[in-house]
Amino acid sequence: MAFENLDKLLEEHNLTKGEYDRIVEILGREPNLTELGVYSVMWSEHCSYKSSRIHLKKLPTEGKRVVQGPGENAGVVDIGDGYVAVFKIESHNHPSFIEPYQGAATGVGGILRDIFTMGARPVAVMDSLRFGGLENPLNRRTFKGVVAGISGYGNSVGVPTVGGETCFDDTYTFNPLVNVFCLGITKRDKVFYARAKHVGAKVFYAGAKTGRDGIHGATMASAEFDDSLEEKRPNVQVGDPFKEKLLIEACLEAMDKGVVSSIQDMGAAGLTSSSVEMADRGGKGIEIDVSKVPQREEGMTPYEILLSESQERMLIVAEPGKEQELKEIFRKWDLDIVEIGKITDSGNFTVIENGKIVAQIPVSSLTSEAPEYDRPYLNMVGSREKELKNENFVGRLNLKEKIDSFLDDPNIGKKNWVFEQYDHMVQTNTVVLPGKGASVIRIKGTDKFLALTVDGNPDYVYLNPYEGTKRIVSEAYLNIAVTGAEPIGATNCLNFGNPEKEEIMGEFKFSVEGMGDASRFFEIPITGGNVSFYNETNGVAIKPTPVYGLVGLIDGKENILTLDFKNDGDSIYLIGNINPDFSASYYLKKFFGKVEGTLGKTPLETSKKIGEFLRKNRKLINSANDVSQGGLFVSLIDSMTDSLGFSINIPESYIPELFLFGEAPGFILITVSKSLEREIEEVLGNYSLEFIKAGKVKSNEIEILQNSEIIYNNSVVNVKSVLKEAITKKIKIEK
C-alpha cells in the first residue's frame, strides 16, 4: 500500500526515510500501518539501542559470579548457598515529567516486572531522582508527584524502597530523571528466561486488560520534548499496584510449579516487544491473535493493541501439556489469562485479527537486525577543563556563613521528607536504613547480606566524561566498600541528550569508556542496564548523567560496617587520596556558580586498596564513610548520631574551606577506638595508604579548629534540625 502523506507519517512514528526504505526492502513490499507501528517502536532508540549498541559492547559483562549478563530482562549474579541476586535499573524520565505521579509509579511497576519475570521475588527498590531547583513551582510539582508515585506504588505492592539519591540542579527543570533500581532473590536453579523453546507451545496473555494508555510510549521516550508536551499525556501509562501484587504471586507460583516454559513482561512497546523478543531469543517465530486479547476499551485496532503499554500484563508460554494448570493458578489469583497464540518455526511475527493476517514481519528484522548507528562525535575528554586555582575561591562569605548555607541546602540536607514516605521495612529485610549511605539488606535463610547503592554526579561528567564517569564508579565502589561488602555486580542507567548531536554523542561515548575501564579495574561485571537519550527540551539538553548501580556481598552480620559514629572519644582518621580540590565541586557551584577545573586521573588503585583494607580489618574499625559530593564536612555530618558530633583539627597547611568542602576521589574517613590507634596506623602503613589523624568523635557538639583555635562551633541538635528541614522548607514555598 502507498501512504498519502508519507513524510508526515514517518515524522509521527519517529522514523527516517532511510529507515522506511529499509523496511520496504526487508518486507519486499510497502508495510501497512500496523507493521509501520511495530517497526517504529522496535526500532526506537528506547527498544533498539541503535545509537548506543556499538559503544555498550565495550563494557565488561562477564565475571566469576555472573549467571546472566545483558540480553535478558535483568542481570543475575551468584551469591552462594544456591541463591542468586537478580537486579537492574531502568529510567522513566519522559513520562515522569508529563505526569509525575503515574510516570514514577509505572516506572516502579515496570522494573518490578523485569525482576519477577526472571523468577525472583523483588525484595528491594532504590531510586536515583534528579529535579530542577525547588524555587521553581514546576519543579516542586514534579518532585512531589514523583515521590508520591514511587511511595504509592511501592508501598501498596509490598516491596521496600531502601535508599537511593535525590538531587536538584536547574539542568533538570524540563527533564527530570527518574531512574529506578530493583533487586530480587531466587534459587539459582529457579531462574527463568524469556526464550521461546517449543514449536507449537501455546502463548497466553495474563494480567490487566489492554487499553489505549501508553501507545507510542517507547517512541515518545526516543524523542526530544518541545512545546507540544501536553499532547503526549495519553502516552503515559496508568498503574495498579494491587493488580501487580497479584501478578507477582501468580507468576512466581506458576514458575515454581513448573507450568511455565518462558515468560516476558509487557513493558516498553507492550505486546509487540514481549512477543518479538521472546521469539527472537529462542530462534523461533510467534503468532498472535489480537482479537483474543482482553480489552478494556471498545473498538481497539490491531495497531493500538500491539503498541499499548498498559501496565501489569505478562506474556507466558505454557509448558506443553500444563496449560490447564497454568490457567487455574491465574484464575485463583483473580487474574485474566487467555490463550492468544502459539510459537512457530516460521521466524516471523505474525499478527491475526478474526482469522485474517494483519501483519507479518521477520522477527530478526525487529531485533538483532535493527539499525545500528556509529554516530559522529566530538572528543569531549578535557575539552571543558581549565586550570583552577583553589585559593581564588575562598572569599565572599565567612566560614560560619558557608557552613550554615551548606546545612540549609536541599542537596546536602537530609532527605527525610523523601524516604519517610517510603515503606522501607516491609518484608523485614532492611538492615541499614535509608539516609545512612549504601543500604544493606539480609537474605533470609542465610548469613549473607547485600549492600546496594546508586551513584551519579553530572558535574564531574560534564567537565570530563571519561574521568568523571571513572570517579562515579570509584565512588560507588567505596560506597559499597565502607559497608564491609565486596562488589559483585553492577547495572547502569545512562541519561543523555540527543545522540544525533556530536557533542552529546561525545559525552556518551567517553562516559561509557570511562565506566568500562573503571569497572574492569575493579573486576565488576555490568550485567545490564538502560540508555535514556533525548533528555532535552527545545534543544537544551541535561548535563550528561550516567548512574551506576552497584551490589556488594557481605558474609556474616558481624562484618557489616556502618557510617554512624559509635563512641565519644573515638579517633577520626582520613584515609586515601587526601588531596581535596574545588574542581567540579559542589562548593564551587553553590557559592560561585561554576562547574570548572580539571579532574586529573582518578586514583582507582587507591580506592581498591581502601576496599581491601576495610574488608580485612573490620574488627579494628568502628565506623566508615566515603568522602564525595560536598567534601569532608558533609561526610562528617552524615556520620553524626543524635548524640555524637565531632571535633576536627584542620592541618595548618590547608585552607579551611578546601579541607572541609573540596572533593577528591579515593578518600574515606573511619573511626577507631583510641586504644587501637597504633595498630590501625601500622595496618594502613602496610597498605601504603596515606592517612591523617584528624580529630575525634565528640558528644553533642560540632567543633572545627585550626592552630588550636575554634573557627566553628555548634550543637548536634541544631545542625540536625537544619539538615532535616532543608527540603521541607523549600517544598512549602508558595508560588
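Computed from a predicted structure; not experimentally measured. All values below were derived from every heavy atom in this structure, side-chain atoms included, with hydrogens, water molecules and symmetry-related copies excluded.
Screening residues 65-76 for side chain to side chain donor-acceptor pair (under 3.5 Å) gives Q68-R195, E72-R195, N73-Q264 as the qualifying pairs, with residues at least two apart or on separate chains. Evaluation of the salt bridge (charged side-chain N to carboxylate O under 4.0 Å, His left out) test over residues 357-370, restricted to residues two or more places apart or in two chains, returns none. Applying the salt bridge (charged side-chain N to carboxylate O under 4.0 Å, His left out) test to residues at least two apart or on different chains, none of the pairs has a partner in residues 345-357.
Counting only distance, with no hydrogens or angles, the side chain of W43 and the backbone of N14 share no donor-acceptor pair below 3.5 Å.
For Y205, the side chain to side chain donor-acceptor pair (under 3.5 Å) test picks out T210, with sequence neighbours left out. Partners of N179 by side chain to side chain donor-acceptor pair (under 3.5 Å), not counting sequence neighbours, listed by chain and number: N93, N495. Remark: E312 engages no residue in a salt bridge (charged side-chain N to carboxylate O under 4.0 Å, His left out) (not counting sequence neighbours). For T272, there are no side chain to side chain donor-acceptor pair (under 3.5 Å) partners at least two apart in sequence or on another chain. Under the side chain to side chain donor-acceptor pair (under 3.5 Å) criterion, R296 pairs with D213, sequence neighbours left out. Taking the salt bridge (charged side-chain N to carboxylate O under 4.0 Å, His left out) definition, one finds that K50 meets it with E19, sequence neighbours left out. Residues forming a side-chain contact (heavy atoms from CB on, under 4.5 Å) with K58 (at least two apart in sequence, or on another chain): H55, K509, E513. Every salt bridge (charged side-chain N to carboxylate O under 4.0 Å, His left out) that K245 has, sequence neighbours left out, goes to E249.
Rounding to the nearest 0.5 Å gives a distance of 11.5 Å between OG1 of T367 and CZ of F349. From L271, atom CG reaches atom CD of E304 across 13.5 Å, with rounding to the nearest 0.5 Å.
Shown here is K342, whose NZ atom has no more than 12 heavy atoms of other residues, nucleotides or ligands within 6.0 Å. Counting non-hydrogen atoms of other residues, nucleotides and ligands closer than 6.0 Å to CG of D334 gives a total of 12 or fewer.
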Please list every donor-acceptor pair under 3.5 Å in which a side-chain atom of residues 181-194 meets a protein atom from a residue at least two apart or in another chain.
unit_1 : atom_1 : unit_2 : atom_2 : d
T186   : OG1    : G119   : O      : 3.1
R188   : NH1    : D78    : OD2    : 2.7
K190   : NZ     : D256   : OD1    : 3.4

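In this structure the side chain of V454 never reaches within 4.5 angstrom of the side chain of D127, judged on heavy atoms.
Separation of the F533 and F508 ring centroids falls under the 6.0 Å cut-off.
Using a 4.0 Å cut-off between a side-chain N of Lys or Arg and a carboxylate O of Asp or Glu, R212 and E297 qualify as a salt bridge.
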